[in-house]
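Notes to accompany the following structure.
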Amino acid sequence: MQPLSQSCQGETYTIKWMFGLPEVLKFMNTMDIHEGSTIKVLQKYKDSLIIRTSKRKVVLGNEVADRIQV
């Protein structure tokens with residue numbers, strides 16, 4: 001397992017676990033970002049990354065991506 005922030009561009013991952021404030025996790029769940037979901041890393045930047053879920057594309061800062069293990 002590794003943090004999502006250390007993932008490789010163009011690769012597909014399954015979220016193993018994630019932690020954070022309950023209201024943030026609930027919001028992320030509405031975007032189909034939850035344990036067991038599959039995401040693809042579309043683009044990586046110095047301080048953020050763009051991922052695609054089954055519903056949409058989302059930009060995450062590295063501070064959020066560090067709390068998601070894939």
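Starting from 1, each residue takes its place in the sequence as its number. From a predicted model like this one, the values you see are computed outputs, not experimental measurements.
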Side chains of T38 and Y13 in contact at under 4.5 Å (non-hydrogen atoms): no
F19 vs Q69 side-chain heavy atoms within contact, under 4.5 Å: no
I68 with L21, same ILVMFWY side-chain cluster at under 4.5 Å: yes
Residue pair L25, I33: steps toward the side chain to side chain contact (heavy atoms under 4.5 Å, CB included) verdict: CA-CA 8 Å; L25 295 176; I33 301 172; over 6 Å; no
Approximate separation, where rounding is to 0.5 Å, of K44 NZ and S7 OG: 4.5 Å
Distance (rounded to the nearest 0.5 Å) between M31 CE and K26 NZ: 13.5 Å
Same cluster (ILVMFWY, side-chain, under 4.5 Å), V24 and I15: yes
In one Ile/Leu/Val/Met/Phe/Trp/Tyr side-chain cluster, 4.5 Å: L49, F27: yes
Contact check, side chains of L42 and Q9, non-hydrogen atoms, under 4.5 Å: no
Connected via hydrophobic side-chain network under 4.5 Å: M28 and I50: no
Steps toward side chain to side chain contact (heavy atoms under 4.5 Å, CB included) verdict (T12, K40): CA-CA 4 Å; T12 302; K40 182 172 184 171; 3.9 Å; yes
Any L4 side-chain heavy atom under 4.5 Å of I39 side chain: yes
Side chains of M1 and W17 in contact at under 4.5 Å (non-hydrogen atoms): yes
Shortest non-hydrogen separation from T30 to K55 and the atoms involved: O-NZ, 3.9 Å
Any side-chain heavy-atom pair of E35 and M18 under 4.5 Å: yes
Polar side chain donor-acceptor pair, S37 to D32, under 3.5 angstrom: no
Cluster check Y45, V59: I/L/V/M/F/W/Y, side chain < 4.5 angstrom: yes
Side chain N62, main chain K46, donor-acceptor under 3.5 Å: yes
